[in-house]
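Quick caveat: nothing in here was measured; it's all calculated off a predicted structure. What's counted below: heavy atoms across the whole structure, side chains too, no hydrogens, waters or symmetry copies.
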Amino acid sequence: MAETAVTRLTSVRSDIAAAEQDAQRDAGCVTLIAVSKTFEVDDIRPVLEAGQRVFGENRVQEAMSKWPDLRSEFDGIELHLIGPLQSNKAKEAVATFDVIHTIDREKIAKALKAEMDKQGRPLPCFIQVNTGEEPQKAGIGPRELESFLKYCRDEIGLNVVGLMCIPPVDEAPGPHFALLEKLADRHGLSKLSMGMSSDYDTAVGLGATHVRVGSAIFGTRDYPA
Ligand SMILES: *Cc1c(COP(=O)(O)O)cnc(C)c1O
C-alpha cells in the first residue's frame, strides 16, 4: 500500500497501543495529537476523515487560516497550541485553540488568563519545562517551576493540567521524559505532553498522556516550522 497520511496514522496509532501495552498502561490512555503545522487543509482533511480529531499547530496565525473551515466541516475537533506564544496574540490564541501547551512566563500566563476570563473559555494549560536547561529554548527551568506554578495556579487561577517538554535534539530523550514525569508527580499534575515522531514510544513508556506527532503522520515538512 502506498504510504499516505492515513496509512501512517494507522501505524502510529498501533505503535502507541503497543507501547501502552508494553508499559502495562490502560489501552487508549495516551492522546495522539496529530501535528499539522505547515500542512494545508487538503492534506489534513483525509486524516480527519479517518477519524482523527485532536490536532496540534505551532502558530496562531497559521491555525486561524486553516481551522475555522475544517471546524465547519467536522465535529469534535480539539486543537492544541504547541508553539511559542506572544502576549499580543493571546486573544486569537484563546479564540482559536482548545488547549495551550506552552505557558512559560508570567506575562503570557497573565495575558491568557485575562482573555480566557473575557471570552469565557477557561482552557486547560500545560507549562512548558526546559528540561535540558538550554539557553535558546522556550520553557521554564526545572528549578523555577515551583514558584511559576504557584503563580499560575494559586495567584491567577489558570487551569494548569500538566507539563510539556521538548528534549534537546542531541540527547537521549528518556531522562528528560523521566524528569518531566517526576516534576509533574511532585506537583500533583496528571498530564504529560511529551514525545514526537522520533521518540513517542519512549515517551509512552515513561508516562506520556499526550504525544505530539507530526512528520510520522503527515510526512516530511517542506519548510521548517
Ligand atoms: C513540530 C512539533 C512537533 C512534531 O514534530 P515531529 O518530529 O514532526 O513529530 C511536536 N512538538 C512540537 C512542540 C513541535 O513544534
Side-chain angles (χ1 to χ4, degrees), residues 19 23 25 29-33 35 37 54 56-60 80-87 89-90 93-94 97-113 116 122-214 225:
R25 299 183 60 196
C29 68
V30 177
T31 299
L32 169 62
I33 302 173
V35 177
K37 65 187 185 191
V54 184
E57 290 279 347
N58 70 332
R59 289 184 177 166
V60 178
H80 293 238
L81 176 61
I82 61 166
L85 181 60
Q86 278 151 8
S87 48
K89 293 268 175 60
V94 170
F97 290 91
D98 303 297
V99 183
I100 313 270
H101 288 242
T102 47
I103 312 275
D104 67 350
R105 51 196 196 278
E106 291 193 357
K107 195 176 173 194
I108 289 294
K110 198 172 163 180
L112 285 171
K113 181 61 168 78
M116 289 179 197
L123 306 184
C125 295
F126 289 76
I127 289 178
Q128 184 173 353
V129 181
N130 185 357
T131 55
E133 301 188 59
E134 298 171 277
Q136 81 289 1
K137 191 168 268 176
I140 190 97
R143 278 181 291 264
E144 282 83 54
L145 178 63
E146 184 165 1
S147 64
F148 184 59
L149 197 52
K150 199 159 180 249
Y151 174 79
C152 292
R153 280 201 294 207
D154 307 340
E155 286 183 42
I156 67 170
L158 208 58
N159 179 17
V160 179
V161 297
L163 302 178
M164 175 271 212
C165 77
I166 308 172
V169 286
D170 54 353
E171 288 181 29
H176 295 274
F177 297 155
L179 172 60
L180 200 70
E181 196 277 330
K182 200 173 86 181
L183 291 168
D185 185 55
R186 183 184 300 163
H187 296 292
L189 295 166
S190 60
K191 302 217 167 21
L192 290 168
S193 166
M194 58 190 199
M196 310 183 9
S197 290
S198 58
D199 53 22
Y200 62 87
D201 49 347
T202 305
V204 171
L206 291 166
T209 61
H210 293 70
V211 292
R212 311 177 308 265
V213 180

Spacing of I82 atom CD1 and I100 atom CD1 [to the nearest 0.5 Å] | 12.0 Å

Can you tell if the side chain of V35 reaches within under 4.5 Å of the side chain of M196, non-hydrogen atoms only?
-> no

If every non-hydrogen atom of V161 is compared with every non-hydrogen atom of P124, which pair is closest and at what distance?
-> CG1-CB, 3.9 Å

Measure the NZ-CD1 distance between K150 and I156 for me, rounded to the nearest 0.5 Å.
-> 13.5 Å

State the CG-CG distance between L163 and L149, to the nearest 0.5 angstrom.
-> 7.5 Å

Which atoms form the tightest heavy-atom contact between V99 and F126, and what is the distance?
-> CG1-CE1, 3.7 Å

I166 backbone acceptor or donor facing K137 side chain under 3.5 Å = yes

Scanning both residues in full, the closest heavy-atom pair of A23 with V204 reads CB-O, 4.4 Å

Answer yes or no: is there a side-chain heavy-atom contact under 4.5 Å between Y200 and R212?
-> no

For C152 and I127 the tightest heavy-atom approach is SG-CD1, 4.2 Å

4.5 Å side-chain heavy-atom contact, D199 and F177 | yes

Could you walk me through whether L206 and E181 pass the side-chain contact (heavy atoms from CB on, under 4.5 Å) check?
-> CA-CA 7 Å; L206 291 166; E181 196 277 330; 5.8 Å; no

Can you name the closest pair of heavy atoms from A138 and Q128 and give their distance?
-> O-NE2, 3.7 Å

Decide yes or no for R153 and L189: does some side-chain heavy atom of the first lie under 4.5 Å from some side-chain heavy atom of the second?
-> yes

Heavy atoms of other groups near K110 NZ, more than 12 under 6.0 Å | no

Below 4.5 Å, heavy atoms only, C-beta onward: do P142 and L183 meet side chain to side chain?
-> yes

If you count the non-hydrogen atoms of other residues, nucleotides and ligands that lie under 6.0 Å from CD in Q86, is the total more than 12?
-> no

Roughly how far, to the nearest 0.5 Å, is the CG atom of L112 from the CG atom of N159?
-> 12.5 Å

Could you please spell out the steps behind the side-chain contact (heavy atoms from CB on, under 4.5 Å) verdict for L32 and V54?
-> CA-CA 7 Å; L32 169 62; V54 184; over 6 Å; no

Test log, rule side-chain contact (heavy atoms from CB on, under 4.5 Å), inputs M164 and I103 | CA-CA 9 Å; M164 175 271 212; I103 312 275; over 6 Å; no

Between CG on residue L81 and CZ on residue R59, distance to nearest 0.5 Å = 12.0 Å

With a 4.5 Å limit on heavy-atom distance, are the side chains of E133 and R143 in contact?
-> yes

Step by step, work out the side-chain contact (heavy atoms from CB on, under 4.5 Å) result for M116 and L158.
-> CA-CA 9 Å; M116 289 179 197; L158 208 58; 4.1 Å; yes

Contact summary for A93 and L85, nearest pair of heavy atoms = CB-CD1, 3.8 Å

Backbone of G83 reached by a side-chain donor or acceptor of T102 within 3.5 Å | yes

Nearest 0.5 Å please: distance from the CD atom of E106 over to the CZ atom of F148.
-> 6.5 Å

Under 3.5 Å: donor-acceptor pair, side chain of R25, backbone of A208 = yes

Parallel, tilted or perpendicular: ring planes of H101 versus H80, cut at 30 and 60 degrees = tilted

